[in-house]
Amino acid sequence: MLSTVSAPRLRIAPSPTGDPHVGLAYITLFNYVLAKKFGGKLILRIEDTDQERSKASSEELIMESLRWLGLSWDEGPDVGGPFGPYKQSERKAIYRTYVDKLLSSGKAYPCFCSNARLSEVRQEQRAKGLTTGYDRHCRALKEGERAALLGQSTAYTIRLAVPLGGSTTIRDELRGPIEFTNEMIDDQILLKSDGMPTYHLANVVDDHLMEITHVIRAEEWISSTAKHKLLYQAFGWQEPQFIHMPILRNEDKSKISKRKNPVSLNYYRRKGILPKTMLNFLALMGWSYSADNEIFTLEQMIEKFQLRDIHLGGPVFDLVKLGRLNQHYLQQLSPDEFAEFVRAEIFSTDFLKSLHPLVKDRLEVFEQFVDRNSFFFNGALDYSALVIVPKGKEAGEFNEGMAELLLLLDDLYLWSEAELHTLMENHRAKLSWKSKDYFMPVRLIISGRPDSPPLAASMALIGREMVRFRLRDYLKKNSHI
RNA sequence: GUCCCUAUCGUCUAGCCUGGCCCAGGACACCGCCCUUUCACGGCGGCGACGGGGGUUCAAAUCCCCCUGGGGACGCCA
């Protein structure tokens, strides 16, 4: 299954668009294990081709989270390597030259269609119950027309000219051959009108140039793999082996999402999950160490790992089991490790410093600190002794307002005190609730007490996932009455 | 809607490739008992699954087909 000729080269290719995701840790783990097992290399490549959504801050967070887990890489933007640069935004010129090759061999063509026309076409297809995809309008252009448009348009895209007949069969190392009729494959955009490549192009070009031998990624990529294979063929390149891991699921079996589940690695870190717990737990998602033992180290996993032992059913990310596993590992901690862990992860100096402005004026003596501010460190809160729904307001209406807030918080781009303040004030105004009918209940849900420090600042510190978790938790406990 | 993937206890899974050792094993959760001045930990026990239907075979959780369920993809996102 694995070529033993040379050491494998694997890569992880996160897109820096938000908090580091458990899905990334999951995929990284398996890439890491396979690389280590066969003495290969793991490459970190930042896929920041989406200029709208990519954030430099997210890049650092991603690396920090992976380091926390103890999953290291051999080549990447921070450590360098012989195949750099390792950030796609810095490889723009490279992609352009490869697109030109495709253009001159007729394997790709420029497309001048506007977004408006594209969505119109899509809508029409959907209405007719057809598969949606580009109608190849610009592929049919005559040479003269094309030249003319090229002369006057500044913004156009480049699309892959997918063969009109036949089929493309990809091979997944876990599933075997998977066949796609070429009719079903869209003339994928390779180069966006801003000159940046799309994932499909950048990914294939980079995997080739970086000599990647095995691509381990999530199952959601299977259908795109046909496009990738076509690209490899168009370039005349040997494709890597593809391994698609099952997708992590929410409790309801849908693809894991922040709407329904905490997905940020930072959330779990702050919650006090140990790296080895997370690794052990993630390994159990689709793989097992043995029939009667599920506690094992990364090293043991590397030793025993076999691709063929991966189970393809989509595993539910079970918080209860994660917690129990962590308890086991916590029990094993030595006094030194215990002290170090609490100091580094729970009462970290950085966190205490950021708490300082919120709590300093409210304290007479330090003994009040822990009790009054426990909600900064806790998980779920107990609301049973609190009256949260404001007087004169229907529980139903109130809960709807809170559910709406939950969604707004999810969409908030920048998680900061100022942004939170504005968001809530706007939401309150939109609902036209009185200030005290809005802010006090939210305060109670978030902090569990009426005398907590300023709300927006507290929320900023507690973090998006915990804030959303508490709102969700409150609604879960109270909305079905 | 179209295409693709997938299917063992509520959940994570072992077993499936190489059919009999499986009236299906482990773990989490749950229930009970023991330990214990509390709560936990720990120990012991219990509940609990091969989605359905057809084949193939002396024999099927294991191989094949159909159905059904679940999921994913169908973006100038990755």
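Numbered from 1 within each chain, the chains take letters A, B, ... in sequence-line order.
Picking from B:C5, B:C77, B:G26 the nucleotide with the shortest atom distance to the side chain of A:Asp292 gives B:G26. With B:C3, B:C76, B:C74 as the choices, the nucleotide that has an atom nearest any side-chain atom of A:Met184 turns out to be B:C3.
Remark: the separation of the P atoms in B:U2 and B:C21 is 42 Å, to the nearest Å. Atom name C1', nucleotides B:A49 and B:G15: the rounded distance is 13 Å, in whole Å. The gap from the P atom of B:G1 to that of B:U18 amounts to 37 Å, rounded to the nearest Å. Nucleotides B:U62 and B:A14, compared at atom C1', are 13 Å apart to the nearest Å. Taking atom P in both B:C58 and B:G19, the straight-line distance is 15 Å, to the nearest Å. Taking the P atom of each, B:G71 and B:U57 are spaced 37 Å apart, rounded to whole Å. A distance of about 28 Å separates the C1' atoms of B:C3 and B:U8, rounded to the whole Å. Taking the C1' atoms as reference points, B:G53 lies 16 Å from B:A7, given to the whole Å.
Not one side-chain nitrogen or oxygen of A:Lys192 sits closer than 4.0 Å to the OP1 or OP2 atom of B:G75. Neither OP1 nor OP2 of B:G75 sits under 4.0 Å from any side-chain N or O of A:Ser119. OP1 or OP2 of B:U6 has not a single side-chain nitrogen or oxygen of A:Lys255 nearer than 4.0 Å.
Ionic pairing of A:Arg249 and A:Asp318 is not present here: no N-O contact between side-chain nitrogen and carboxylate oxygen is shorter than 4.0 angstrom. Using a 4.0 Å cut-off between charged nitrogen and carboxylate oxygen, A:Arg270 and A:Glu345 do not count as a salt-bridge pair. Of the charged side-chain nitrogens involved, none lies within less than 4.0 Å of a carboxylate oxygen, so that A:Lys227 and A:Asp186 do not count as a salt-bridged pair.
For A:His228 and A:Tyr199, the ring centers are positioned less than 6.0 Å apart. Note: A:Phe317 and A:Tyr268 meet the aromatic proximity criterion, with ring centroids under 6.0 Å apart.
Taking atom OH on A:Tyr199 and atom P on B:A78, their separation rounds to 10 Å, with Å as the unit. When rounded to the nearest whole Å, the span between CD of A:Gln331 and C1' of B:G43 equals 14 Å. Whole-Å rounding puts the A:His200 NE2 to B:A78 P distance at 7 Å. A:Glu219 places its CD atom 10 Å from the P atom of B:A73, with the value rounded to the nearest Å. Between the CD1 atom of A:Ile295 and the C1' atom of B:G42 there is a distance of 15 Å, given to the nearest Å. Rounding to whole angstrom units, CG of residue A:Leu190 and P of B:C77 are separated by 13 Å. Here the P atom of nucleotide B:C76 and the CZ atom of A:Arg159 are 6 Å apart, to the nearest Å. Atom-to-atom, CG of A:Asn326 to C1' of B:C41 comes out at 15 Å; the value is rounded to the nearest Å.
At a threshold of 4.0 angstrom between heavy atoms, the contacts of A:Glu179 are confined to the sugar-phosphate backbone, with no base atom among them. In this structure, A:Asn115 reaches the bases: a heavy-atom distance under 4.0 Å links it to at least one base atom across the strands shown. Using a 4.0 Å heavy-atom criterion, one finds that A:Arg324 contacts the sugar-phosphate atoms exclusively. Within 4.0 Å of A:Gln327, counting heavy atoms only, lie sugar-phosphate atoms of the nucleic acid but no base atom.
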Discussion item. Can you build the contact string for nucleotides 7-23 of chain B? Use B for base contact, S for sugar-phosphate-only contact, and - for no protein heavy atom under 4.0 Å.
Written reply: -S--SBSS---------
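Across all strands shown, B:C22 has no partner, as no Watson-Crick or G-U wobble contact with both distances under 3.5 Å is found. Pairing for B:G1 is with B:C74, a Watson-Crick or G-U wobble pair whose two hydrogen-bonding atom distances lie under 3.5 Å. Applying the Watson-Crick and G-U wobble criteria (two distances, each under 3.5 Å), B:A49 pairs with nothing in any strand. Here B:U62 sits opposite no nucleotide as a Watson-Crick or G-U wobble pair (both hydrogen-bonding atom distances under 3.5 Å). In this entry B:A7 has B:U68 as its Watson-Crick or G-U wobble partner, both defining distances falling under 3.5 Å. Taking a pair to require two hydrogen-bonding distances under 3.5 Å in either a Watson-Crick or a G-U wobble arrangement, B:A40 remains unpaired.
Comparing A:Pro14 and A:Ile178 by the nucleotide of RNA chain B that holds the closest heavy atom to each, the one mapping nearer the 5' end is A:Ile178. Heavy-atom nearest nucleotides on RNA chain B were determined for A:Arg126 and for A:Thr198, and the one closer to the 5' end corresponds to A:Arg126.
Taking 90° from 0 as the syn/anti boundary, the base of B:C64 is oriented anti.
By the 30° and 60° cut-offs, the orientation of the rings of A:Trp237 relative to A:His208 is parallel.
Within the 4.5 Å cutoff, no side-chain heavy atoms of A:Asp100 are placed close to those of A:Tyr98. A:Leu298 places a side-chain heavy atom less than 4.5 Å from the side chain of A:Leu29.
With sequence neighbours left out, A:Ser416 forms a side chain to side chain contact (heavy atoms under 4.5 Å, CB included) with A:Ala418, A:Glu419.
A donor-acceptor contact shorter than 3.5 Å links the side chain of A:Lys229 to the backbone of A:Thr169.
In the interface, the side chain of A:Ser193 is paired with the base of B:C76 through a donor and an acceptor atom under 3.5 Å apart.
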